[in-house]
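Notes for the one structure printed next.
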2 protein chains.
Amino acid sequence: MTQTQILSKNQQIVLDIIEKAKEPLKAYSILFNVQKKGIKAPLQVYRALEKLIKLGKIHKVESRNAFVACKNSYCRISKATAFSICESCEKVTEINNSKISKYLSNFEDNTGMTYKKYNLEFFGLCKKCR
Amino acid sequence: MTQTQILSKNQQIVLDIIEKAKEPLKAYSILFNVQKKGIKAPLQVYRALEKLIKLGKIHKVESRNAFVACKNSYCRISKATAFSICESCEKVTEINNSKISKYLSNFEDNTGMTYKKYNLEFFGLCKKCR
DNA sequence: ATAACAAACGTTATATTATAACACTATGTT
DNA sequence: AACATAGTGTTATAATATAACGTTTGTTAT
């Protein structure tokens, strides 16, 4: 049933790079890495990134302006993202905690806002850096 | 007991502008607004912003690269921030929900990370825009 | 098949956000 | 006074992101 999304050439190239990477990649570092594949301009990268985000294949780590592959294979539409970020070594890990996501996805306040999405970033020190 | 932090000239100018604003301000819009006060260069703004963030006087809304005044007078060091953002009119409100902050501040996982800070951004539609 | 439309592409230029580097000034210890 | 620390002013530049335009490719409906 889960129709596998077919990606365009540029989208696939960009996704491959991000999936192979062990850390979040910045847009221009992606650009540098894919120039041998024929992608020449920032816009080509940004367009692919935008689409991949929409598809939930990757996420943007807002505080770092960097992009990571989504590890949840079922995360086709990313409306609930959480990351843990080490402020020393900059290691970023996607947090997949169903308790948090349940808790936050049901969040309501008295302002009349309707929430469809959230992004949560934790900062601290990882085991190694502590 | 609460020693009121004395701000430098530029810091006070930048804080005033942000506090008066009804919406998050971008760094270069701040710059434009304070040029009559003698602040001429981006760095002067960014330096003030950096310090004000450290003091917890303002927060950065990461997904918008914009800055808002902290409404919690006791929020001298901002280690737990949450915002609600309307994707249509871009209205941003700081969420001051002690349940969430208690819940997230006590978050632990099995990776050995030590958390000292988090930032949470909710996206959706406000009452007017729905 | 082909018309019509949407999505993706390629390219140039430019806007926006942020920091490096350096010399100088003010302020607060001791 | 000597020293440390924080803040300032300035020029230059790096890093991140989008606008605008025209072309190409892929999908869908007849």
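- Ion pair B/Glu23/B/Lys91 not flagged as a salt bridge, since none of the NZ, NE, NH1 or NH2 atoms sits closer than 4.0 Å to an Asp/Glu carboxylate oxygen.
- Residue A/Asn10 places at least one side-chain N or O under 4.0 Å from the OP1 or OP2 atom of C/dG10.
- The side chain of A/Lys9 places an N or O atom within less than 4.0 Å of a non-bridging phosphate oxygen (OP1 or OP2) of C/dG10.
- Remark: P of C/dT27 and CG of B/Leu7 are 15 Å apart, rounded to the nearest angstrom.
- Aromatic ring pairs are classed by plane angle as parallel below 30°, tilted from 30° to 60° and perpendicular above 60°; the pair A/Tyr115 and B/Phe122 is tilted.
- If you take CZ of A/Phe32 and C1' of D/dA14, they are 16 Å apart, rounded to a whole angstrom.
- Regarding A/Leu49, its CG atom lies at a distance of 13 Å from the P atom of C/dA8, rounded to whole Å.
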N/O to N/O distances under 3.5 Å, protein versus nucleotides 15-23 of chain C:
from: C/dT17; atom 1: OP1; to: B/Lys26; atom 2: NZ; distance (Å): 2.7
from: C/dA18; atom 1: OP1; to: B/Lys60; atom 2: NZ; distance (Å): 2.7
from: C/dA18; atom 1: OP2; to: B/Tyr46; atom 2: OH; distance (Å): 3.1
from: C/dA18; atom 1: N7; to: B/Tyr28; atom 2: OH; distance (Å): 2.8
from: C/dA18; atom 1: N6; to: B/Tyr28; atom 2: OH; distance (Å): 3.0

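- Remark: A/Glu19 does not engage A/Lys57 in a salt bridge, criterion side-chain N to carboxylate O under 4.0 Å.
- Protein atom CD of B/Gln11 is 12 Å distant from nucleotide atom P of D/dG9, rounded to whole Å.
- Once rounded to the nearest 0.5 Å, the distance linking CD of B/Glu62 with CZ of A/Arg64 reads 7.5 Å.
- As a whole-Å value, the separation of B/Leu15 CG from D/dG7 P is 14 Å.
- As rounded to whole Å, 14 Å separates atom P of D/dG26 from atom NZ of A/Lys51.
- At the phosphate of D/dG7, neither OP1 nor OP2 sits under 4.0 Å from any side-chain N or O atom of B/Lys54.
- Summarising the local packing, CD of B/Glu90 is surrounded by more than 12 heavy atoms from other residues, nucleotides or ligands at distances under 6.0 Å.
- Distance CD1 (A/Ile30) to P (D/dA17): 10 Å, rounded to an integer number of Å.
- In this structure, B/Ser8 does not reach the C/dA26 phosphate: none of its side-chain N or O atoms is under 4.0 Å from OP1 or OP2.
- Residue-environment remark: CZ (A/Phe32) stays at or below the threshold of 12 foreign heavy atoms within 6.0 Å.
- Rounded to 10 degrees, the angle between the two end axes of the helix from C/dA1-D/dT30 to C/dT30-D/dA1 is 50°, with five pairs used at each end.
- Under a 4.0 Å N-O distance rule, the pair B/Glu121/A/Lys117 does not qualify as a salt bridge.
- Under 4.0 angstrom from either OP1 or OP2 of C/dC9 there lies no side-chain N or O belonging to A/Gln44.
- We find the CE-OG distance between B/Met113 and A/Ser84 to be 4.0 Å, quoted to the nearest 0.5 Å.
- Rounded to an integer number of Å, the gap from A/Glu62 CD to D/dA17 C1' is 13 Å.
- Within a 6.0 Å radius of CD in B/Gln35, other residues, nucleotides and ligands contribute more than 12 heavy atoms.
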